[in-house]
There are 2 protein chains.
Amino acid sequence: MNAPHNDILPVSADVVVFTMREDCLSVLLVPEGKRVGHRWRLPGGLIRDRERLDRAAERNLQRDTGLSGVFLEQLYTFGAPDRVSEQRVITVAYYALVSALNPTATKQMSIGAARLFPVNSLPVMMLDHDAIVGCAHRRLAAKLEYSTIALQFMPNRFPLSGLQRVYEAILGTALDKRNFRKRILALDCLEETPDFARNGRHRPARLYRIKTPGRVEIFK
Amino acid sequence: MNAPHNDILPVSADVVVFTMREDCLSVLLVPEGKRVGHRWRLPGGLIRDRERLDRAAERNLQRDTGLSGVFLEQLYTFGAPDRVSEQRVITVAYYALVSALNPTATKQMSIGAARLFPVNSLPVMMLDHDAIVGCAHRRLAAKLEYSTIALQFMPNRFPLSGLQRVYEAILGTALDKRNFRKRILALDCLEETPDFARNGRHRPARLYRIKTPGRVEIFK
DNA sequence: ACAAAAGTGTTTACCTTACACCCATGA
DNA sequence: TCATGGGTGTAAGGTAAACACTTTTGT
């Protein structure tokens with residue numbers, strides 16, 4: 001058996017921050033170093049002695065990206081010892097969802113060195129962070145089927161076609177407009193607002209609002 | 001910020017071992033101490049320096065209960081700092097499924113101090129181990145709906161009614177016999193054997209075999 | 001007028017549920 | 001012969017999928 005001092009390990013809480021940018025599911029990454037040609041990594045860092053895991057994720061996310069108050073859920077714990085050649089780190093991975101047009105979040109995100117990358121063209125990343133992003137993406141896609149988690153990406157008021165583009169970006173497939181609207185409205189989690197989005201040279205879109213914002217419903 | 005030496009922590013891998021005993025979903029626990037009136041705990045222990053998480057779970061499970069070679073899957077990572085008053089431990093929880101009539105497992109389990117408890121009448125347990133068992137039970141019940149995970153509880157050959165009792169024990173509800181059989185056979189993961197179980201004073205039951213043992217199929 | 005996205009129903013196929021009686025055996 | 005669990009089919013309801021045209025606006 002190993003000596004006791006070998007049985008304490010550095011544990012980090014890292015966060016896969018998803019948001020929508022230009023109808024593309026994107027991930028927020030921070031540079032690993034300051035030189036050109038550096039790799040990128042997930043925001044996150046070591047868990048402190050008496051700190052809750054989710055608090056550690058929040059704190060490190062805030063430090064690395066300025067983000068706070070976002071939807072956060074534990075994903076999986078990664079700990080293959082070959083993750084680092086020098087020193088093994090166990091990573092408790094979380095994922096976060098950020099509303100596309102959240103001005104607070106946008107301002108926070110634009111402060112530091114963090115950058116958004118489309119999930120389909122990620123840069124070279126530290127360690128197994130690419131595998132963590134893939135795992136988070138699969139979890140997110142699975143949750144679309146049986147929860148209202150996608151609403152976390154939406155601003156206060158939005159057209160149904162916007163929500164449909166979120167679903168399509170995450171799933172990577174096109175959806176039927178009529179069936180999508182029926183399905184979403186049947187969940188009874190949205191309500192009409194009196195307002196319309198008048199964007200381009202086409203019919204304005206009815207804006208909807210989430211009935212209970214902040215609550216992610218699980219069904220089935 | 002804390003000093004670096006505060007940012008390394010003991011991490012344990014603990015395992016919720018489920019098995020069926022007398023048509024009852026049961027959990028394998030080990031005594032926390034040797035005195036009467038002791039609490040019980042999940043089998044598990046500290047992760048070593050360069051050890052894979054799942055290997056640590058396997059190793060500690062084997063040490064505490066003698067079990068090895070079982071179905072093992074990561075559940076969740078628990079780490080509220082109030083879990084221990086003295087020293088905080090992060091627990092990467094796993095769950096394992098053991099075939100009821102597995103003679104090797106039965107022999108292994110009967111060696112040590114580990115004991116089986118029905119999931120509905122658990123003893124007083126260490127720390128938050130009761131919450132971990134509850135979490136594992138919910139995960140297991142959810143997985144019944146979209147995977148063949150329940151087959152992990154079955155011996156080489158078994159009647160369909162035996163599998164139905166497993167489903168009913170995990171879900172805590174009675175199921176319709178005809179619908180259950182249709183649904184399971186439609187999965188196309190079982191095949192008839194030529195043999196029958198002649199138990200009591202009633203018609204013998206056809207025995208079935210898993211087409212691809214060891215493989216848990218995810219559908220939908 | 002036309003380009004561009006919004007909005008709207010019906011039909012079909014499939015899957016899920018409810019439900020009751022006969023069969024084979026051991027005692 | 002009887003008690004016990006094994007084994008079987010159908011009808012109804014609900015959910016999911018396919019599918020095309022009209023509306024409203026800006027240019």
Side-chain angles (χ1 to χ4, degrees), chain A residues 20 22-23 100 141-142 144-148 150 154-155 157-169 171-209 217-220, chain B residues 20 22-24 100 141-142 144-148 150 154-155 157-169 171 173-209 217-220:
Chain A
M20 286 289 154
E22 293 162 12
D23 292 341
L144 289 189
E145 311 289 330
Y146 63 92
S147 79
T148 59
M154 305 314 289
R157 298 180 312 156
F158 55 89
L160 289 185
S161 60
L163 184 58
Q164 181 171 348
R165 280 195 297 274
V166 168
Y167 273 74
E168 290 175 333
L171 295 172
T173 61
L175 299 175
D176 179 87
K177 199 200 317 184
R178 281 171 292 190
N179 292 337
F180 179 80
R181 296 167 79 91
K182 254 182 298 182
R183 184 177 131 209
I184 295 297
L185 294 176
L187 298 179
D188 195 39
C189 57
L190 298 183
E191 57 191 5
E192 287 190 355
T193 72
D195 304 322
F196 293 83
R198 49 213 184 302
N199 306 341
R201 46 176 183 174
H202 56 77
R203 180 171 172 177
R206 167 78 66 181
L207 294 178
Y208 288 80
R209 168 198 311 133
E217 310 279 354
I218 311 289
F219 29 85
K220 202 176 191 188
Chain B
M20 286 291 154
E22 293 164 11
D23 293 341
C24 212
L144 290 189
E145 310 290 329
Y146 63 91
S147 78
T148 59
M154 307 312 290
R157 298 180 312 156
F158 55 89
L160 289 185
S161 61
L163 184 58
Q164 181 171 348
R165 280 195 297 274
V166 169
Y167 272 74
E168 290 175 332
L171 295 172
T173 62
L175 300 175
D176 179 87
K177 199 202 317 185
R178 280 172 292 191
N179 293 338
F180 179 80
R181 297 168 77 93
K182 254 183 300 181
R183 182 177 131 210
I184 296 296
L185 294 175
L187 298 179
D188 195 38
C189 57
L190 298 184
E191 57 191 6
E192 286 190 357
T193 72
D195 303 322
F196 293 83
R198 47 211 186 303
N199 307 339
R201 46 177 181 174
H202 56 77
R203 180 172 173 177
R206 166 78 66 180
L207 295 178
Y208 288 80
R209 169 197 311 131
E217 310 278 354
I218 311 287
F219 30 86
K220 199 175 188 196

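Heavy atoms only: backbone and side chains are in, while hydrogens, waters and symmetry mates are out.
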[atom1] of [X] to [atom2] of [Y]: how many Å apart, nearest 0.5 Å?
X: F180(A); Y: L163(A); atom1: CZ; atom2: CG; answer: 4.0 Å
X: T148(A); Y: L187(A); atom1: OG1; atom2: CG; answer: 7.5 Å
X: R209(B); Y: R157(B); atom1: CZ; atom2: CZ; answer: 7.5 Å
X: D23(A); Y: Q164(A); atom1: CG; atom2: CD; answer: 11.0 Å

Under-4.0 Å side-chain N/O to phosphate OP1/OP2 contact, R181(B) with dG7(D)
yes

Tell me whether the side-chain N/O atoms of S161(A) come closer than 4.0 Å to OP1 or OP2 in dA5(C).
no

What is the distance, to the nearest angstrom, from the [atom1] atom on [X] to the [atom2] atom on [N]?
X: Q164(A); N: dT8(C); atom1: CD; atom2: C1'; result: 14 Å
X: R203(B); N: dC21(C); atom1: CZ; atom2: P; result: 18 Å
X: E192(A); N: dA6(C); atom1: CD; atom2: P; result: 15 Å
X: F196(A); N: dG26(D); atom1: CZ; atom2: P; result: 13 Å
X: N199(A); N: dT24(D); atom1: CG; atom2: P; result: 17 Å
X: Y208(A); N: dA6(C); atom1: OH; atom2: P; result: 12 Å
X: R206(A); N: dT25(D); atom1: CZ; atom2: C1'; result: 16 Å
X: F180(B); N: dT16(C); atom1: CZ; atom2: P; result: 14 Å

NA contact type, D176(A), heavy-atom cut-off 4.0 Å: base, sugar-phosphate, or nothing?
base

With a sphere of 6.0 Å drawn around CD of E191(A), does it hold more than 12 non-hydrogen atoms of other residues, nucleotides or ligands?
yes

Under the 3.5 Å rule, do the base of dT10(D) and the side chain of K182(B) count as making a donor-acceptor pair?
yes

Do R178(A) and dA6(C) have a side chain to base donor-acceptor pair shorter than 3.5 Å?
no

Both A205(B) and R201(A) contact DNA chain D. Taking the nearest nucleotide for each, which residue is further toward the 5' end?
A205(B)

I want to confirm an ordering. Mapping N179(A) and R198(A) to their closest nucleotides on DNA chain D, which one lands closer to the 5' end?
N179(A)

Quick check for you: among dG7(C), dA24(C), dT8(D), whose closest atom lies nearest to any side-chain atom of K177(A)?
dG7(C)

Any idea which of dG7(C), dA3(C), dG6(D) is nearest the H202(B) side chain?
dG6(D)

